[in-house]
Structures are given as structure tokens and as C-alpha cells.
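Structure, as C-alpha cells:
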Amino acid sequence: DAKTTQPNSMESNEEEPVHLPCNHSTISGTDYIHWYRQLPSQGPEYVIHGLTSNVNNRMASLAIAEDRKSSTLILHRATLRDAAVYYCILRDAAGGTSYGKLTFGQGTILTVHP
Amino acid sequence: DSGVTQTPKHLITATGQRVTLRCSPRSGDLSVYWYQQSLDQGLQFLIQYYNGEERAKGNILERFSAQQFPDLHSELNLSSLELGDSALYFCASVKGLGNTEAFFGQGTRLTVV
């Protein structure tokens with residue numbers, strides 16, 4: 001499976017934007033970039049995903065580098081409720097043996113200060 | 001509420017015993033994933049089923065087995081339990097195999113004493 005690299009932890013202040021980086025230098029052309037987050041004592045929660053173009057939804061924005069070797073999850077105004085572990089995951093869409101697999105790495109622990 | 005139901009929420013059992021964890025996916029979702037999350041290991045992918053068939057296997061021990069039934073609910077069986085099996089077990093459901101979002105249940109917390 002293609003690997004992602006994220007910082008172990010990041011901190012932010014409430015109501016400020018947060019940029020969570022992810023490196024995926026071995027990404028293949030058919031890998032989608034997914035982001036999930038896990039709040040304390042809960043199951044992971046889908047945040048956003050994309051292939052090549054930047055994506056926006058009600059939770060966040062995903063900025064994907066032109067060469068696709070890195071991406072950034074952007075939370076426009078962090079709240080205390082956004083404190084969680086954020087996972088950047090590559091999902092294969094090529095139909096091979098790893099098609100659809102959802103493999104989590106260590107993620108980034110985001111702390112939000114009031 | 002993700003729409004994925006896991007039972008029981010908590011389970012305490014002794015070493016050497018066998019337990020069954022149950023997952024009911026969202027209505028219409030065909031794919032179920034199982035994960036184990038312990039404090040020192042993060043979220044470990046165990047196994048995936050799609051429409052009743054095993055689709056992918058991760059770091060699942062031979063003492064563990066799973067199946068997906070015709071009504072699409074899934075069960076994870078853990079036998080000869082050891083202290084190290086104490087963990088949160090999550091299941092996730094996905095509509096198909098592709099890149100749609102996965103919905104996770106609240107997990108079953110297993111404590112082996």
C-alpha cells in the first residue's frame with residue numbers, strides 16, 4: 001500500500017485556520033487521497049477526499065499539490081470540537097487486490113487551544 | 001449517528017474464552033471492514049467483506065475469524081483470548097468497493113482479564 005507521512009502532532013488556537021500536511025511521494029495515478037478524523041472515544045469519521053483537484057465541503061478543504069505527492073487538509077476556523085487525530089489515507093481505485101482498502105497510519109494529533 | 005451498529009458496547013471476559021462481536025452496516029452498504037485499536041498499535045485493519053465474500057485481509061490473527069451473512073451483518077469471532085487482545089474493535093460500512101466514504105460504528109471495547 002502506498003504510504004503517507006504526517007506530523008505526529010500540531011496545535012492551533014480556536015477560530016484560527018489549521019493546515020494539516022500529508023506527504024505521499026509514492027502515490028500512484030489511481031490513488032484517491034482521503035482524510036478521516038477520530039474524536040476521543042469515538043469511531044473514525046470521514047472528512048473529505050479527492051483525486052487531483054482541490055475539494056471543499058462543509059467540514060474542510062483539501063488542497064492537492066500539482067504533482068500529487070502532498071496534500072493539505074484545511075480547517076478554516078478551528079473549534080474545540082475539531083480536536084482529534086487526523087488521518088491521511090490513500091485508497092486504490094484501480095481494481096487490483098488493494099482496491100478499496102482503507103489502511104490507517106499514525107495520524108496527526110490536533111490540539112485546539114481556547 | 002453513523003448508522004452502523006456494533007454490539008455489545010462493552011465486553012469483559014477471561015483469558016482463554018471466546019467472544020463474538022456483531023456489526024450491522026448501514027442500510028444498502030455491501031462492504032464491511034473490521035479494525036482493532038489498542039493503545040500502542042493505532043487502528044489496525046483486520047479484514048474486509050464485500051457482499052458476503054472475504055475481500056481483503058490485514059493483520060488478523062489465526063485465533064480471529066469473521067464472516068458476513070446474507071443480510072449483510074458481520075460477526076468477528078475472537079477465541080483463546082489473551083490479555084493483549086484487549087482493545088477497541090471498530091467496524092465500518094461502505095456502499096461498495098470504490099472510493100465512497102466509510103461510516104464507522106462506535107466500537108466494542110473488549111477487556112480481557
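Chain identifiers are assigned alphabetically (A, B, ...) following the order of the sequence lines, protein sequences preceding nucleic acid strands; residue numbering begins at 1 within each chain. Just so you know, these numbers use all the heavy atoms, side chains as well, and skip hydrogens, waters and symmetry mates.
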Under 4.5 Å, heavy atom to heavy atom: which of residues 84-92 of chain B reach chain A? Give them by number, or say none. B/F90

Step-by-step side-chain contact (heavy atoms from CB on, under 4.5 Å) determination, A/H49 to B/E101: CA-CA 8 Å; A/H49 78 279; B/E101 62 190 277; 5.8 Å; no

Spatial distance of atom CD (A/Q42) from atom CZ (B/F104) [nearest 0.5 Å]: 13.0 Å

Find out if a path of hydrophobic residues (ILVMFWY) with successive side-chain heavy-atom gaps under 4.5 Å connects B/V94 to B/V4. no

So what's closer than 4.5 Å to chain A heavy atoms on B/Q44: side chain, backbone, both or neither? neither

Test side-chain contact (heavy atoms from CB on, under 4.5 Å) on A/L102 and B/Q48; report intermediate values, then the result. CA-CA 9 Å; A/L102 188 60; B/Q48 177 201 2; over 6 Å; no

Same apolar cluster: B/F45 and B/V32, side chain cutoff 4.5 Å: no

Closest non-hydrogen atoms of B/Y33 and A/R91, given as atom of the first, atom of the second and distance, are OH-NH2, 3.1 Å

Using a 3.5 Å distance criterion without hydrogens, assess whether the side chain of B/Y35 forms a donor-acceptor pair with backbone atoms of A/T103. no

Are B/L110 and B/L46 co-members of a hydrophobic cluster defined by side-chain heavy atoms under 4.5 Å apart? yes

Heavy atoms of other groups near A/Q106 CD, more than 12 under 6.0 Å: no

Scan for disulfide (SG to SG under 2.5 Å) pairs involving residues 60-90 of chain B, sequence neighbours excluded, and state none if there are none. none

Flag yes if more than 12 heavy atoms outside A/L51 fall under 6.0 Å of its CG atom; otherwise flag no. yes

Which atoms of B/Y50 come close to chain A, meaning under 4.5 Å heavy atom to heavy atom: side chain ones, backbone ones, both, or neither? neither

Test of understanding: clusters of I, L, V, M, F, W, Y form through side-chain heavy atoms closer than 4.5 Å, transitively. Do B/V19 and B/F69 belong to the same one? no

Find out if a path of hydrophobic residues (ILVMFWY) with successive side-chain heavy-atom gaps under 4.5 Å connects B/L21 to B/V112. yes

Around atom CG of B/L39, are there more than 12 heavy atoms of other residues, nucleotides or ligands at under 6.0 Å? no

